[in-house]
There are 2 protein chains.
Amino acid sequence: MRMSQGVEWALHTCLNLSWLNTPVPTGTLAAFYELPPAYLNKQLQALSRAGILTSTPGPRGGFHLARPAEEITLLDVVTAIEGPDELFRCDQILDKGPGEHTGVDYRQSCAFARAMSGAELAWRRELAARSVADVRADVERAHPESPANTRERITELRG
Amino acid sequence: MRMSQGVEWALHTCLNLSWLNTPVPTGTLAAFYELPPAYLNKQLQALSRAGILTSTPGPRGGFHLARPAEEITLLDVVTAIEGPDELFRCDQILDKGPGEHTGVDYRQSCAFARAMSGAELAWRRELAARSVADVRADVERAHPESPANTRERITELRG
DNA sequence: GTCTCGTTACTCGGATATCTGGTGTCCGAGTTTCGAAGG
DNA sequence: CCTTCGAAACTCGGACACCAGATATCCGAGTAACGAGAC
């Protein structure tokens, strides 16, 4: 049960994009971290479908944030990459056990499913409470040179 | 990022075992929910390695809880099946980016890793707060006949 | 009747296949840009 | 000099291989039970 690698890429890429105000193509964003460009593109497409990024085709095109970093939560990114499914999926194991098989939704009736769902909700709540802008503020506090470094490196890579 | 099916099996099996005080072989436990016996055995082995179950070989052998259900948390079971790894693993993507590459642990320095780790901690805290005995109490409150039903069905299946 | 011992059957345990989903890659559709040609 | 037009290059987007981990299975090592035989 490891989280997809794409989540980490997506988060850092969103942070970098929040320091820029121009579309950046996938190749440049991938070169920044030496990532496989085509696969990063796949993740960015997912973010685009989720309405987090906006893509512009053609020369001088690329991806840019679809809305302010303050309105992009970590949960948004995780959900965009990993999908909306829950971690613990109750496959209605109880259907085969004894008792009434009245076609009830075990996601609600199974006590384990409820407990797991509650724990997952706490996780989601934490993720939804932190935006990319919050993290950006932390980074800028610890490393004030980061924005300038990123901007410089991006323009340099774009050549 | 779906959680392994084995977690659900393990949870329900632990609950059933908490209603019995005798070793139950894998075959019987599997038949209870019509699960593949050999694969369930694999999961129970993991629980055994984690110290949640105790296995006794030979005739009249099987698995039984290694400690009271009050002392078995949902987190214990999840960790036993899924392993101790974190959901979000920071693969030190920043190592390739600009800045100092002083061999620091990005699990600590990366702001995203810290945020994700915090959210995961909230999740683990919820899971650790609920024991199998808590869930058992919920089930017995909603379905008082469950313990007797389970005991009856187990002895019936064992033949 | 009781103890001993060997056989038997049953259990776990790990080593072995199979399959789905994450990982990685490629090429085509569409658009902007740029430059050249004509007015 | 300005406008128009066309080709080219660059971008995303989805369709196609590959691989690790989860799923599923099998057979051997070990042990408790049981029964037969001896005392």
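So that the names make sense, note that chain A is the first sequence line, chain B the second, and so on, each numbered from 1. Bear in mind that the values here come from a model prediction, so they are computed numbers and not experimental data.
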A/Thr13 vs A/Phe32, test: side-chain contact (heavy atoms from CB on, under 4.5 Å). Steps then yes/no. CA-CA 9 Å; A/Thr13 299; A/Phe32 194 89; over 6 Å; no

Identify the heavy atoms of B/Ala115 and A/Leu74 that sit nearest to each other, and give their distance.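 Reported closest heavy-atom pair: CB-CD1, 3.6 Å.
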
Can you give me the closest heavy-atom contact between A/Val7 and A/Val77, atom names plus distance? O-CG1, 4.4 Å

Over how many whole Å does the gap from [X] atom [atom1] to [N] atom [atom2] extend?
| X | N | atom1 | atom2 | value |
| --- | --- | --- | --- | --- |
| A/Met1 | D/dG21 | CE | C1' | 13 Å |
| A/Glu8 | C/dG22 | CD | P | 17 Å |
| A/Leu35 | C/dT25 | CG | C1' | 15 Å |
| A/Arg60 | D/dA8 | CZ | P | 21 Å |
| B/Gln43 | C/dG13 | CD | C1' | 14 Å |
| B/Arg158 | D/dA33 | CZ | P | 12 Å |
| B/Arg89 | D/dA20 | CZ | C1' | 13 Å |

Answer yes or no: does a side-chain N or O of [X] lie under 4.0 Å from OP1 or OP2 of [N]?
| X | N | value |
| --- | --- | --- |
| A/Thr26 | D/dT11 | no |
| B/Gln45 | C/dG14 | yes |
| A/Arg2 | C/dG21 | no |

Taking N or O atoms only and anything under 3.5 Å, show me the protein contacts with nucleotides 24-28 of chain D, one pair per line.
none

Can you tell me how far [atom2] of [Y] sits from [atom1] of [X], rounded to the nearest 0.5 angstrom?
| X | Y | atom1 | atom2 | value |
| --- | --- | --- | --- | --- |
| A/Glu8 | B/Cys90 | CD | SG | 4.5 Å |
| B/Arg158 | B/Arg153 | CZ | CZ | 14.5 Å |
| B/Asp138 | B/His143 | CG | NE2 | 10.5 Å |

Under 4.0 Å, heavy atoms only, any strand: does B/Gly27 hit a base, just the sugar-phosphate, or nothing?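 The answer is nothing, as B/Gly27 stays clear of every strand by at least 4.0 Å.
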
With a 4.0 Å cut-off on heavy atoms, is B/Met3 in touch with a base, just the backbone sugar-phosphate, or nothing at all? nothing

So which of residues 46-59 of chain B are in contact with DNA chain D, with a heavy-atom cut-off of under 4.0 Å? B/Pro57, B/Gly58, B/Pro59

Among pairs that include at least one residue of residues 74-83 of chain A, which meet salt bridge (Lys or Arg N to Asp or Glu O under 4.0 Å), considering only residues two or more places apart or in two chains? A/Arg67-A/Asp76

Would you mind reading off the bend of the helix from C/dG1-D/dC39 to C/dG39-D/dC1 from its two end axes, five pairs each, to 10 degrees?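 What I find for the helix from C/dG1-D/dC39 to C/dG39-D/dC1 is an axis angle of 10°.
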
Do B/Arg130 and B/Glu126 meet the salt-bridge criterion of a basic N to acidic O distance under 4.0 Å?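 Looking at B/Arg130 together with B/Glu126, the answer is no, because their closest N to O distance does not fall below 4.0 Å.
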
For A/Leu15, is there any backbone N or O sitting under 3.5 Å from a side-chain donor or acceptor partner on A/Ser18?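 Yes: the side chain of A/Ser18 pairs with the backbone of A/Leu15.
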
Taking for each residue the nucleotide of DNA chain D with the nearest heavy atom, is it A/Gly61 or B/Glu82 whose nucleotide lies nearer the 5' end?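 Looking at the nearest nucleotide for each, A/Gly61 comes out on the 5' side.
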
Which pairs of donor and acceptor atoms, one on a side chain in residues 42-59 of chain B, lie under 3.5 Å apart (sequence neighbours left out)?
| residue | atom | partner | partner atom | Å |
| --- | --- | --- | --- | --- |
| B/Gln43 | NE2 | B/Tyr39 | OH | 3.3 |
| B/Thr56 | OG1 | B/Gly62 | N | 3.3 |
| B/Thr56 | OG1 | B/Gly62 | O | 3.3 |

For residues 59-80 of chain B, the ring pair (Phe, Tyr, Trp, His ring centres under 6.0 Å) pairs (sequence neighbours left out) are none

Could you please spell out the steps behind the side chain to side chain donor-acceptor pair (under 3.5 Å) verdict for A/Ser131 and A/Asp134? CA-CA 5 Å; A/Ser131 70; A/Asp134 296 333; 3.3 Å; yes

